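This report refers to the structure that appears directly beneath it.
Sequence lines set the chain letters: A, B, ... in the order given, protein chains first and strands last, and positions in each chain run from 1. Computed from a prediction, not measured in an experiment: that's the story for all the values here.
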Number of protein chains: 2
Amino acid sequence: MAGVELPSPDRTPTIRDVAELAGVATSTVSRALSNPDRVNRVTRERIQQVAAQLNYVPSSQARGLSSGRTQAIAVLVPDVTNPFYFDIIRGTQHQLKAAGYTQLLVDTEESAEMEEEALHKMRRSADGFILAASRLTDAQLAESAAAHPMVTINRASANAPTVVIDTPSAIVQSLEHLASLGHSKICFVGGPASSWSNAKRWKAFEDETRERGMTTFRVGPFAPKTTSGAAAADAAAHTGATACIVFNDLLAIGMLQRLRERGVRVPEDMSIVGCDDIFGADFCNPPLTTIASPIEQAGRVAVSMLLAQLNPLQGGPSRRLAVMPTHLTIRGSTGPARVP
Amino acid sequence: MAGVELPSPDRTPTIRDVAELAGVATSTVSRALSNPDRVNRVTRERIQQVAAQLNYVPSSQARGLSSGRTQAIAVLVPDVTNPFYFDIIRGTQHQLKAAGYTQLLVDTEESAEMEEEALHKMRRSADGFILAASRLTDAQLAESAAAHPMVTINRASANAPTVVIDTPSAIVQSLEHLASLGHSKICFVGGPASSWSNAKRWKAFEDETRERGMTTFRVGPFAPKTTSGAAAADAAAHTGATACIVFNDLLAIGMLQRLRERGVRVPEDMSIVGCDDIFGADFCNPPLTTIASPIEQAGRVAVSMLLAQLNPLQGGPSRRLAVMPTHLTIRGSTGPARVP
DNA sequence: CAATTTTTGGCAATCGCTTGCCGACCAGTT
DNA sequence: AACTGGTCGGCAAGCGATTGCCAAAAATTG
């Protein structure tokens with residue numbers, strides 16, 4: 001290397017510094033770095049070497065401005081507080097990082113307005129969106145799916161690819177489990193009214209219990225937080241049901257606590273089935289029987305689908321729907337029905 | 001408004017569109033939007049109205065390119081999996097959003113290399129960094145603190161403002177609690193060797209137990225995960241101690257499970273004190289006595305300190321250190337020492 | 001060996017916004 | 001009436017990349 005020695009003047013190096021040191025034009029540097037085939041091997045290697053030597057990192061700002069791509073994906077979740085979304089975030093984070101993308105995390109606070117606003121405000125700064133458990137209406141969803149690349153998680157949409165966690169089918173399984181334990185009066189403890197998952201879960205519950213001729217109750221809606229568990233527990237206990245299928249584990253865990261306080265024994269007096277198998281479901285007291293979901297994987301799959309949409313490399317149209325399997329995990333919170 | 005009617009040709013509007021419609025130069029639009037005092041009230045209002053009407057959102061890319069500021073903060077955590085960091089993230093997320101900043105979340109996987117890499121790669125795309133429980137060496141930390149605005153959480157640094165959660169002082173309190181229950185043989189269950197917090201906690205433990213003339217043991221290091229709890233429990237049980245102070249709740253919860261499996265009763269045979277009071281500490285079995293920390297608040301404070309550093313508005317130098325108070329929360333995992 | 005095609009690298013126009021600088025305009029002072 | 005100082009808005013130069021277009025060079029072909 002008999003090149004010029006640029007005495008790196010403190011300032012972070014730009015593509016021009018690299019170009020000068022390597023004795024080429026900036027366009028060549030640009031190509032060498034992001035479109036390697038477009039430039040001769042030896043030139044490319046020289047450039048790469050200079051870039052490394054200079055510790056050059058392209059400005060994502062500038063790159064984004066000129067190319068229109070930001071290499072960032074916004075992930076919108078209703079509540080960063082909720083362990084369920086932690087797992088989603090973990091999954092997306094992982095997969096995005098692997099693909100060289102940045103994750104823009106947004107908490108929409110269970111609000112459709114905030115969701116819309118984020119979608120709108122970030123449309124320039126993100127190449128695509130992942131909406132977990134969107135609270136948008138079908139129309140809103142369809143509209144934004146048309147406007148930007150996006151994929152939804154646990155929320156079917158006409159226009160956007162979707163990954164759904166197939167909790168409903170495991171609800172059927174749970175009901176079978178409960179029936180086998182002698183339960184016939186079952187209560188569905190509902191989650192947020194605007195939640196698509198909640199509707200699906202209820203539907204599965206309703207269909208299957210009708211089929212089986214079970215006596216059913218429904219209480220709710222409740223916020224998906226442990227703190228709502230007390231109200232949920234009281235309501236459920238009041239119905240006279242001997243078992244509950246609860247919208248999610250957070251709520252179920254809250255119920256467990258309240259039931260214990262009230263002297264209602266779980267599972268002797270009341271069986272509880274949660275959904276999601278979040279962190280904590282295995283060590284609460286009693287450990288929660290729940291519908292285990294590959295949440296993190298759902299996050300990963302969502303990213304893959306989104307990236308496939310953004311970079312339609314090889315053949316065939318990309319998947320429009322991914323259904324993640326679930327299964328019932330039986331722990332201590334379900335047991336034989338109390339004989340009257 | 002007898003202005004021109006621009007038939008918004010699908011394309012997302014730029015500052016130029018706003019300028020034309022409002023009949024001013026782009027520079028005026030720019031000022032009206034981000035430096036309101038610099039432009040006459042009526043002009044400003046007209047511009048704002050046009051901008052709203054056009055649904056104009058400035059491109060953060062372009063803005064960043066020309067101004068050098070990105071309005072984004074990178075938050076680096078060792079492990080997005082860990083509930084402790086969830087709380088941090090929640091705090092930063094909240095505060096950043098309130099200030100109009102975007103959060104760039106990065107999982108450094110407990111690795112100093114990844115941390116350095118992220119710091120380097122993102123220096124252009126983030127205005128500042130928040131490092132939670134950094135794994136960097138003091139030298140590395142000092143260097144990067146000199147290079148970019150940053151604040152650390154639970155990691156003192158010469159150059160960067162820091163927010164520390166004062167767990168050590170509550171460790172003293174825990175020891176007092178254990179002593180009052182008759183414990184004299186106490187085991188410290190250590191976390192990651194590279195963790196600054198771990199060192200501080202051990203130090204506090206060591207000093208106080210020596211002072212009190214207690215018999216101490218130390219086991220570890222263990223990874224801060226529930227899955228490491230089994231090994232930790234076995235090691236701790238083997239020491240003959242009647243009580244443990246555990247590096248964090250995750251590990252403590254894991255120990256609880258293992259101890260139960262082994263038939264070691266908590267707290268009858270062994271008392272356990274955790275650290276952090278994470279999600280789950282209150283509903284595990286038995287509920288965990290732990291050192292409660294205002295984790296989310298720590299995240300918020302970190303953001304405030306960072307923003308203060310970035311926008312040194314009013315008087316005085318900004319805080320260099322924030323100490324978050326902690327307290328012992330007694331639940332079911334500690335009890336009287338077994339009499340030999 | 002001339003003609004043609006393929007590689008390779010440079011030029012220069014953008015991308016959308018910010019900001020230093022300047023001039024116009026408008027009081028308020030001498 | 002000339003001067004001074006402050007407001008307000010426009011001009012135009014960037015910011016740091018990407019990329020369409022083109023020409024020189026190299027490789028291939030007839």
| said: Is the phosphate of D:dC8 approached by B:N40 (side-chain N or O, under 4.0 Å from OP1 or OP2)? | reply: yes
| task | Check the distance between D:dC15's P and A:I15's CD1 and give it to me in whole angstrom. | result | 14 Å
| said: Categorize B:S30 for me: base, sugar-phosphate, or nothing, with a 4.0 angstrom heavy-atom threshold over every strand shown. | reply: base
| Rounded distance (Å) that lies between atom C1' of D:dG9 and atom CZ of B:R44 | 14 Å
| note | From CZ of A:R31 across to P of D:dG16 the rounded distance in Å is 20 Å
| request: Using the closest heavy atom to pick a nucleotide of DNA chain D for each, name whichever of B:V24 or A:R63 lands nearer the 5' end. | output: B:V24
| task | Verify, without hydrogens or angle tests, whether B:S66 (side chain) and B:A62 (backbone) share a donor-acceptor contact under 3.5 angstrom. | result | yes
| message | Distance criterion of 3.5 Å, no angle test: do you see the side chain of B:S27 paired donor-to-acceptor with the base of D:dC11? | response | yes
| task | Report yes or no: is there a donor-acceptor pair, N or O only, under 3.5 Å between the side chain of B:R38 and the base of D:dG9? | result | yes
| request: Could you tell me whether B:E109 and A:K97 make a salt bridge, using a distance below 4.0 angstrom between a side-chain N and a carboxylate O? | output: yes
| Between B:T102 and B:L96, which heavy-atom pair has the shortest distance, and what is it? | O-CD1, 4.4 Å
| query | In whole angstrom, what separates A:R124's CZ from C:dG16's C1'? | reply | 7 Å
| Taking five pairs at each end, how big is the angle between the two axes of the helix from C:dC1-D:dG30 to C:dT30-D:dA1, to 10°? | 40°
| message | Whole angstroms only, please: what is the OH-P distance between A:Y56 and D:dG16? | response | 10 Å
| Backbone of B:A147 reached by a side-chain donor or acceptor of B:S144 within 3.5 Å | no
| note | Separation of C:dC17 atom P from B:L33 atom CG, nearest Å, is 10 Å
| request: Round to a whole Å and report the spacing from CD of A:E20 to C1' of C:dG9. | output: 16 Å
| field | Lys/Arg N to Asp/Glu carboxylate O, A:R41 vs A:E45, below 4.0 Å | value | yes
| query | Which residue pairs pass the salt bridge (Lys or Arg N to Asp or Glu O under 4.0 Å) test when at least one of the two sits in residues 143-164 of chain B, sequence neighbours left out? | reply | B:D138-B:R155
| Between the base of C:dC15 and the side chain of A:S67, is there a donor-acceptor distance below 3.5 Å? | no
| field | Residue whose closest nucleotide on DNA chain C lies nearer the 5' end, B:L65 versus B:N35 | value | B:L65
| task | Assign each of B:A62 and B:T43 to its nearest nucleotide of DNA chain D by heavy atoms, then name whichever residue's nucleotide is nearer the 5' end. | result | B:T43
| query | Think A:T28 has a side-chain N or O under 4.0 angstrom from the OP1 or OP2 of C:dG10? | reply | yes
| field | Non-neighbouring partners of A:R63 that pass salt bridge (charged side-chain N to carboxylate O under 4.0 Å, His left out), sequence neighbours left out | value | none
| request: Considering just the side-chain nitrogens and oxygens of B:R69, establish if one lies under 4.0 Å of OP1 or OP2 belonging to C:dT19. | output: yes
| query | In whole angstrom, what separates B:R16's CZ from C:dG16's C1'? | reply | 7 Å
| remark: Regarding the side chain of A:P58, the nearest nucleotide among D:dC11, D:dA17, D:dC15 is D:dA17
| request: Would you tell me if any nitrogen or oxygen in the side chain of A:S66 comes within less than 4.0 Å of OP1 or OP2 on C:dC15? | output: no
| query | Taking 4.0 angstrom as the limit, do A:R90 and A:E296 come out as a salt bridge? | reply | yes
